[in-house]
Number of protein chains: 2
Amino acid sequence: MDAFEEPETTREEILAAAYRALCTHGYAELTVERIGEEFDKSVSLIYHHYDGKDDLLVACLEFMLESYRSETEAGPVSDPREAMERLCDRLVLTDAPPGGQRFVRALVGLRGQAPHNGAYRDYFTRSDRFFGDRIEAIIEAGIEDGSFRDVDPERAAAMINTVFSGAFVRYATTDDERWIPAVREELRAYNERTLYADPDGDGT
Amino acid sequence: MDAFEEPETTREEILAAAYRALCTHGYAELTVERIGEEFDKSVSLIYHHYDGKDDLLVACLEFMLESYRSETEAGPVSDPREAMERLCDRLVLTDAPPGGQRFVRALVGLRGQAPHNGAYRDYFTRSDRFFGDRIEAIIEAGIEDGSFRDVDPERAAAMINTVFSGAFVRYATTDDERWIPAVREELRAYNERTLYADPDGDGT
DNA sequence: CGCTTTTGATTGAACGTTTATTCAAAAAGA
DNA sequence: TCTTTTTGAATAAACGTTCAATCAAAAGCG
């Protein structure tokens with residue numbers, strides 16, 4: 001995550017340290033001390049800046065989401081079809097970035113806290129909604145400019161978003177990988193068959 | 001889970017206690033002591049029967065999967081279309097059983113351990129494969145008897161299985177529920193459009 | 001059948017480690 | 001000097017696990 005490259009305040013240094021420790025150890029083996037190891041200054045300083053471990057980690061998630069948002073926000077979608085394809089490629093792991101596995105694993109570990117922790121659940125509710133809205137916006141733009149069929153954007157977006165979540169979880173919690181190309185191809189086919197307008201057709 | 005209703009050995013009593021404690025407290029707040037509270041006999045007896053907490057919980061998962069397997073195995077699929085619909089209804093939470101939310105939350109909490117724990121990862125690899133195979137078998141049966149189109153069973157099964165995983169995770173880690181009917185409808189539409197054969201058609 | 005030995009189930013108490021968090025005080029900066 | 005930042009040590013609780021001891025039943029044996 002390049003958002004952590006040049007921390008400008010101590011608070012940001014701590015976020016970056018938390019991110020690094022998270023990727024190195026995964027959530028379950030993440031201790032405040034290990035975060036401290038990735039951090040120049042002392043462990044107890046963390047408590048001066050954040051209320052505690054969970055508070056810090058939620059802040060870290062939030063920071064990442066915010067970075068992604070500002071990295072990728074480009075106002076109106078100019079080429080919906082390409083936007084959809086890029087998003088699918090990015091989120092169904094066609095081109096896993098280096099160290100991506102570690103990150104996805106950590107993320108899923110964090111998500112595993114959400115069932116019994118309201119703060120995490122709030123975050124993932126928001127982040128799910130964020131990605132859902134992104135997908136929906138692409139579909140709406142596609143319908144508008146005629147490159148997509150006249151589907152229900154909310155419905156299709158919900159489906160695609162669910163596929164994303166599922167792919168992440170399976171990727172992080174499974175030693176199997178045979179399903180990955182299958183899902184990728186099938187999702188592509190789904191887009192072709194139900195989202196993209198027939199080039200020669202009437203949209204039915 | 002009715003499989004735990006009549007435990008016949010001490011080992012099974014312990015599994016049942018673990019299941020109850022899991023549903024009551026969720027994974028993250030699950031301690032061996034709390035399992036003991038759901039169990040007639042003493043805490044340390046657990047260690048006589050299982051190697052430790054994780055060993056017990058994996059055994060518990062395995063027991064549940066095995067129960068599901070024997071509950072539902074019905075040899076060859078007689079009505080593929082109905083089988084697919086029942087599976088989707090069951091796994092995309094149309095009819096959430098009472099207490100189902102608690103159980104799904106616990107399950108997702110456990111799944112969150114898999115990224116950094118080989119035993120859990122092994123289990124979820126196997127269980128994913130189990131459900132994948134089930135779905136694939138239904139599709140194959142449908143193609144065979146002409147009620148489904150001639151799709152690639154592995155590809156379609158991978159997609160549907162990923163939707164299931166995603167739905168579980170979103171259900172357990174989110175306070176939003178608007179997406180649920182949307183996914184349900186869209187999955188149904190996916191089945192209609194790409195799996196089921198045209199009643200009047202030639203399968204293209 | 002009686003007697004002894006062995007085995008497995010069961011218990012309660014205790015141990016030792018890990019971990020998040022706090023706090024008083026030093027250092028730095030304005 | 002007053003405020004903010006930073007530190008190292010201390011705290012206190014939680015938790016998984018171990019262990020020595022008890023007990024009942026089964027097995028072996030004469």
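First the proteins, then the strands, lettered A, B, ... as listed; each starts at 1.
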Contact class for [X] (heavy atom, under 4.0 Å): base, sugar-phosphate, or nothing?
{"X": "B/Leu56", "result": "nothing"}
{"X": "B/Leu30", "result": "sugar-phosphate"}
{"X": "B/Ser44", "result": "base"}
{"X": "A/Ser42", "result": "base"}

Between atom [atom1] in [X] and atom [atom2] in [N], what is the gap in whole Å?
{"X": "A/His48", "N": "C/dA27", "atom1": "NE2", "atom2": "P", "value": "18 Å"}
{"X": "A/Glu29", "N": "C/dT19", "atom1": "CD", "atom2": "P", "value": "9 Å"}
{"X": "B/Phe39", "N": "C/dT10", "atom1": "CZ", "atom2": "P", "value": "7 Å"}
{"X": "B/Glu13", "N": "C/dT10", "atom1": "CD", "atom2": "P", "value": "8 Å"}
{"X": "B/Tyr47", "N": "C/dG12", "atom1": "OH", "atom2": "P", "value": "16 Å"}
{"X": "A/Glu33", "N": "C/dT17", "atom1": "CD", "atom2": "C1'", "value": "13 Å"}
{"X": "A/Asp51", "N": "C/dT22", "atom1": "CG", "atom2": "C1'", "value": "14 Å"}
{"X": "A/Tyr50", "N": "C/dA20", "atom1": "OH", "atom2": "P", "value": "17 Å"}

Counting just side-chain N and O atoms, does B/Thr10 come under 4.0 Å of either OP1 or OP2 of C/dT10? yes
Salt-bridge test for A/Glu82 and A/Arg86: reply yes if a basic N is under 4.0 Å from a carboxylate O, no otherwise. yes
Quick check, are the ring centers of A/Phe148 and A/Tyr196 under 6.0 angstrom apart? yes
Please pick, from [options], the nucleotide with the shortest atom-to-atom distance to any side-chain atom of [X].
{"X": "A/Leu45", "options": "D/dT7, C/dT11, D/dT17", "value": "D/dT7"}
{"X": "B/Lys41", "options": "C/dT19, D/dT17, C/dT10", "value": "C/dT10"}
{"X": "B/His49", "options": "D/dG16, C/dT10, C/dT21", "value": "C/dT10"}

Cation-pi check, B/Arg11 onto B/Tyr50 ring (under 6.0 Å, within 45° of axis): yes
Can the positive tip of A/Lys53 be found less than 6.0 Å from the middle of the six-membered ring of A/Tyr27, inside 45° of the ring normal? yes
Name the orientation class of the two ring planes belonging to A/Tyr68 and A/Phe131 (parallel below 30°, tilted from 30 to 60°, perpendicular beyond 60°).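 Rings of A/Tyr68 and A/Phe131: tilted, 30 to 60°.
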